[in-house]
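All values reported here derive from a predicted model rather than from experimental measurement.
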Amino acid sequence: MEPPLRPRRRFRQPSVLPGFGLTLGYTLTCLGLIVLLPLAALVVRASGLGLSGIWEVATDPRVASALRVSFGVSALAALTASIFGFLIAWVLTRYEFPGRRIVDAVVDLPFALPTAVAGIALASLYAPNGLVGAQLAKLGIEAAYTPVGIYIAMVFIGLPFAVRTVQPLIVEIDREIEEASATLGAGRLHTLTRVVLPPLIPAVLTGFALAFARGVGEYGSIIFIAGNLPYVSEIAPLLIVIKLSEFDYGGACAIATIMLGISFVTLLAINLIQAWSRRRFGYV
């Protein structure tokens with residue numbers, strides 16, 4: 001007896017809205033013109049140096065230091081933003097308190113502020129003579145003009161992404177599920193780790209990826225508080241601007257291409273982990 005034939009996967013999914021071919025063509029055209037074409041031009045321009053030239057740029061001590069600062073601090077800041085973003089989203093969703101709507105609006109403030117304004121505000125606040133910086137200086141902690149200042153700026157700009165990606169899913173979680181878990185004898189920690197967190201993990205990873213990507217590419221809010229010291233607090237985007245000011249377009253494109261490659265691999269890994277978490281916890 002022949003095994004039953006598996007249904008073929010249809011490329012075109014049924015929809016109540018017509019115009020699949022037109023919308024797909026429009027999507028691919030916009031994606032190609034706005035995203036892929038500029039990136040391809042960047043890679044082509046950098047390829048003029050050859051693999052040996054790109055490797056020479058990547059292994060330059062100053063470039064390597066700037067890349068470590070950009071990606072290392074971005075990852076740490078995104079992790080911090082994800083943790084505190086989850087807590088803020090939970091409080092804003094599950095608790096009623098005076099001024100909740102104001103706090104909810106303040107979360108989006110980094111979206112609306114120009115990056116230069118945010119950088120000046122953070123530098124003024126965390127400078128050695130600033131309101132917070134003076135108190136940290138008494139403890140022997142230097143925030144402004146160090147990698148710590150970069151970390152603070154990246155957490156500031158990445159926090160809204162972490163909050164807004166998790167908050168809608170927290171709203172959708174039925175509180176009766178938590179009550180049922182408690183009724184069956186589960187403690188609060190067990191309910192949190194086994195009932196609440198699993199459906200939220202993909203959203204938390206999405207917020208982490210968005211905060212990380214924003215931190216890697218951030219420029220305006222960082223240069224005012226970083227100090228921009230080579231080998232200490234110089235970020236890769238600033239080094240690209242320096243290369244351009246020196247008319248070293250090949251070197252600037254090479255650094256940008258290296259950043260593009262590292263970012264692509266990192267975000268791909270995050271997406272794979274996100275897809276695994278959906279399958280692992282049963283949320284497709």
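- In plain terms, the two heavy atoms of Ala254 and Leu49 that are nearest each other are CB-CD1, 3.8 Å.
- Closest heavy-atom contact between Ile157 and Pro110: CA-CB, 4.4 Å.
- Closest approach of Gly227 and Ser233 over heavy atoms only: C-OG, 3.8 Å.
- Of all heavy-atom pairs between Met154 and Ala77, the closest is CB-CB, 3.5 Å.
- With rounding to the nearest 0.5 angstrom, the CG atom of Leu67 is 10.0 Å from the CG atom of Asp60.
- Here the closest non-hydrogen pair linking Pro147 and Val232 is CG-O, 3.4 Å.
- The backbone N or O of Pro61 lies less than 3.5 Å from no partner atom in the side chain of Ser65, so there is not a single donor-acceptor pair.
- Of all non-hydrogen atoms in Ile242 and Ser245, the two that sit nearest each other are O-OG, 2.6 Å.
- Using a 4.5 Å heavy-atom cutoff, the side chains of Leu238 and Ile235 are in contact.
- Using modelled atom types, no side-chain atom of Arg62 and backbone atom of Pro230 make a donor-acceptor pair closer than 3.5 Å.
- Ser82 places no side-chain N or O within 3.5 Å of a backbone atom of Ala162 that could act as its donor or acceptor partner.
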Go through the steps to decide whether Leu22 and Tyr26 satisfy the test side chain to side chain contact (heavy atoms under 4.5 Å, CB included), and finish with yes or no.
CA-CA 6 Å; Leu22 179 62; Tyr26 178 79; 5.6 Å; no
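- Judged purely by atom type and a 3.5 angstrom limit, Glu218 uses its side chain to pair as donor or acceptor with the backbone of Ser221.
- Partners of Arg45 by side-chain hydrogen bond (donor to acceptor under 3.5 Å, both in side chains), not counting sequence neighbours: none found.
- Heavy atoms of other residues, nucleotides or ligands lying less than 6.0 angstrom from CZ of Phe84 number 12 at most.
- Not a single donor-acceptor pair under 3.5 Å links the side chain of Asp108 to the backbone N or O of Phe111.
- The environment of CZ in Phe247 is sparse: at most 12 heavy-atom neighbours from other residues, nucleotides or ligands sit within 6.0 Å.
- Taking the side chain as every heavy atom from C-beta outward, Phe208 and Phe161 never approach each other to under 4.5 Å.
- Residues Val44 and Ile255 are members of separate hydrophobic clusters, defined by side-chain heavy-atom contacts under 4.5 angstrom among Ile, Leu, Val, Met, Phe, Trp and Tyr.
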For Tyr219 and Thr115: C-alpha separation, side-chain torsions, deciding distance, then whether side chain to side chain contact (heavy atoms under 4.5 Å, CB included) applies.
CA-CA 8 Å; Tyr219 176 78; Thr115 55; over 6 Å; no
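- In this structure, Asn228 contributes its side chain and Ile223 its backbone to a donor-acceptor pair below 3.5 Å.
- Using a 4.5 Å heavy-atom threshold, the side chains of Leu131 and Tyr126 count as separate.
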Full working for side chain to side chain contact (heavy atoms under 4.5 Å, CB included) between Val148 and Glu142
CA-CA 8 Å; Val148 177; Glu142 294 183 9; over 6 Å; no
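- In this structure, Leu268 places its CG atom where more than 12 heavy-atom neighbours from other residues, nucleotides or ligands lie under 6.0 Å away.
- With values rounded to the nearest 0.5 angstrom, Ile258 atom CD1 is found 11.5 Å from Ser263 atom OG.
- In this structure the side chain of Glu172 never reaches within 4.5 angstrom of the side chain of Pro199, judged on heavy atoms.
- Looking only at side-chain heavy atoms (C-beta outward), Leu239 and Glu234 come within less than 4.5 Å of each other.
- The main-chain N or O of Ala143 is found under 3.5 Å from a side-chain atom of Thr146 such that the two form a donor-acceptor pair.
- The distance from atom CG of Leu37 to atom CG of Leu42, rounded to the nearest 0.5 Å, is 11.5 Å.
- Rounded to the nearest 0.5 angstrom, Tyr249 OH and Ile240 CD1 are separated by 14.0 Å.
- Asn271 places a side-chain N or O within donor-acceptor distance of the main-chain N or O of Leu267, the cut-off being under 3.5 Å.
- Atom OH in Tyr95 sits 13.0 Å away from atom CZ in Arg100 (nearest 0.5 Å).
- Side chain of Thr165 to main chain of Thr206: no donor-acceptor pair is present (N/O by atom type, distance under 3.5 Å, no hydrogens or angles).
- Looking at Val166 and Ile170, their side chains come closer than 4.5 Å, going by heavy atoms from C-beta outward.
- Looking at heavy atoms from C-beta onward, Leu122 lies out of side-chain contact with Phe224 at the 4.5 angstrom threshold.
- Looking at residues two or more places apart in sequence or on another chain, you find a side-chain hydrogen bond (donor to acceptor under 3.5 Å, both in side chains) between Tyr151 and Thr80.
- Here the CD1 atom belonging to Ile262 is positioned 11.0 Å from the OG1 atom belonging to Thr257, to the nearest 0.5 angstrom.
- Around CD1 of Ile102, the count of heavy atoms belonging to other residues, nucleotides or ligands within 6.0 Å does not exceed 12.
- Between Ile150 and Tyr145, the closest side-chain pair of non-hydrogen atoms is not below 4.5 Å.
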For side chain to side chain contact (heavy atoms under 4.5 Å, CB included), just list the numbers for Leu260 and Val43, CA-CA rounded to whole Å, side-chain angles, deciding distance to a tenth of an Å, and then say yes or no.
CA-CA 9 Å; Leu260 174 63; Val43 174; 4.2 Å; yes
